[in-house]
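Worksheet for the structure shown next.
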2 protein chains.
Amino acid sequence: MAKKDKRTEILDAALVLFAENGFHGSPTSQLAQRAGVGVGTIYRYFSDKDELIRELYRDLKQKIGARIDESTPDLSMQERYVRMMTKFINYFVQHRNEFRFMEQYYFSPYSAEFDCSAPEENARIQQLLLAAREQGVVQDVSISVLQSLAFGPVIALVKENIYRDLDLDDEMIRQTVEATWTALEN
Amino acid sequence: MAKKDKRTEILDAALVLFAENGFHGSPTSQLAQRAGVGVGTIYRYFSDKDELIRELYRDLKQKIGARIDESTPDLSMQERYVRMMTKFINYFVQHRNEFRFMEQYYFSPYSAEFDCSAPEENARIQQLLLAAREQGVVQDVSISVLQSLAFGPVIALVKENIYRDLDLDDEMIRQTVEATWTALEN
DNA sequence: ACCTCCGGAGTGAACGCTCACTCCGGAGGT
DNA sequence: ACCTCCGGAGTGAGCGTTCACTCCGGAGGT
């Protein structure tokens, strides 16, 4: 366990506690304890608790976006879609805390007040869907409908896995992703 | 505005405030004020705030279940599915507060601790999906996958409408529901 | 090589405030 | 007079935030 700087230490502790107990269930005193710092130290790095939460969101958004990205433009639309969505699921199944946190943030006053943009991880797939619609590969319907058809089932499945202990194997993931493509297709 | 009993008055106020400001953002003093009762009165009807929240959940779950239910067993599986899902969407688009509250409840410590059962409104459609799988009308995959494919996009769409002000018309709803059926089909 | 000084990161007891919850005096019916 | 129901000031626990202080590493004088 290499010695990390305190800022990182605090953000790491915050992710775990927020995911487990929510923003309101995680007092600064607990954050400090878990991060192995004094309470006051938190306020040296973040102007207040809200700022810490927003900062954590921004960091994760970027990190996740980079991990989902797929740089294989030679493959077919379907192939690229399937790969990215599968990556998406696997990432969050292996990083439950990040999913819990992002969900919590996304549907809270924070995101409404500030950067309303959709999570970074969606951006790539949204681009793909737009291009696919242009080419007539997927249905000519509103992007919101396409996004719902693509992400809805995938997020639902991840949620069942994370919040309801659903046993999730590769076969189920494959079936779900394939089926969402069928739903999108023209 | 007919005079309702205080219990109902409190629950009605709670629904609105919880939906708008969340559980933590709705102090009992505000609940009381909005319900037109004293703070103490709340505790005559509910042992504590948590109990109130759980009670509200139970009431809504039942109410919504009854409204979504479809008693037309003569129609085809697909037809019944489409009708129920469309009802589902329309209900929540017209009862945003109920959706906001249910979402909040479902993914909070409350539901994890107590009745873990899925929301009532799912039960009917789950039955339908099971029957349809039995008949070979839909894919022979795990019920969790079927549920994700069915509800995922529908909930995603409603969320976009409620939290992100997505303009939602009948055509978009139809397209989405139709596409989810395609995803389910064998 | 030693000592002195200093800047600023780090700390946590203390503060002010908000909250869920209590409790008792009074209103209103019988 | 009695009983039931209600209200809202009061209470203490717990929260986010502050600030006077500690501590340590390195710069600079000798």
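Order of the sequence lines fixes the chain letters, A, B, ..., with proteins taken first and strands second; residue numbering starts at 1 for each chain.
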Exercise for review: Check whether any side-chain heavy atom of A:E103 lies under 4.5 Å from a side-chain heavy atom of A:Y163, and answer yes or no.
Suggested key: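 Contact flag for A:E103/A:Y163 side chains = yes.
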Check your understanding: What one-letter contact string describes nucleotides 7-15 of chain D from 5' to 3', where B marks a base within less than 4.0 Å of any protein heavy atom, S marks contact via sugar-phosphate atoms alone, and - marks no contact?
Key -> BB------S
For the pair made of [atom1] in [X] and [atom2] in [N], what is the distance, rounded to whole Å?
| X | N | atom1 | atom2 | result |
| --- | --- | --- | --- | --- |
| B:Y45 | D:dT4 | OH | C1' | 11 Å |
| A:F46 | D:dT18 | CZ | P | 15 Å |
| A:Y43 | C:dA13 | OH | C1' | 15 Å |
| B:I42 | C:dT22 | CD1 | P | 12 Å |
| A:I10 | D:dT17 | CD1 | C1' | 14 Å |
| B:L31 | C:dA20 | CG | P | 8 Å |
| B:L17 | C:dC19 | CG | C1' | 15 Å |

Review point. How are the rings of A:F23 and A:F101 set relative to one another: parallel (under 30°), tilted (30 to 60°) or perpendicular (over 60°)?
Key: perpendicular
Check your understanding: Who does C:dA27 pair with, Watson-Crick or G-U, both distances under 3.5 Å?
Key ->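 With both distances under 3.5 Å, C:dA27 matches D:dT4.
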Review point. Applying a 3.5 Å limit to both distances, which nucleotide forms a Watson-Crick or G-U wobble pair with C:dC19?
Key: D:dG12
Point to revise | Among A:I10, A:D59, A:N97, side-chain contact (heavy atoms from CB on, under 4.5 Å) partner for A:L15 | key: A:N97
Practice item. Please step through side-chain hydrogen bond (donor to acceptor under 3.5 Å, both in side chains) for the pair A:Q147 and A:Q126, ending with a clear verdict. Key: CA-CA 7 Å; A:Q147 290 231 63; A:Q126 186 176 335; 3.1 Å; yes
Could you list the donor-acceptor pairs under 3.5 angstrom formed between side-chain atoms of residues 25-41 of chain A and any protein atom two or more places apart in sequence or on another chain?
{"residue": "A:S26", "atom": "OG", "partner": "A:L17", "partner atom": "O", "Å": "3.2"}
{"residue": "A:S26", "atom": "OG", "partner": "A:G22", "partner atom": "O", "Å": "2.7"}
{"residue": "A:T41", "atom": "OG1", "partner": "A:G38", "partner atom": "O", "Å": "3.3"}

Check your understanding: Can you check whether B:Y106 and B:F99 have ring centres sitting under 6.0 Å from each other?
Key -> no
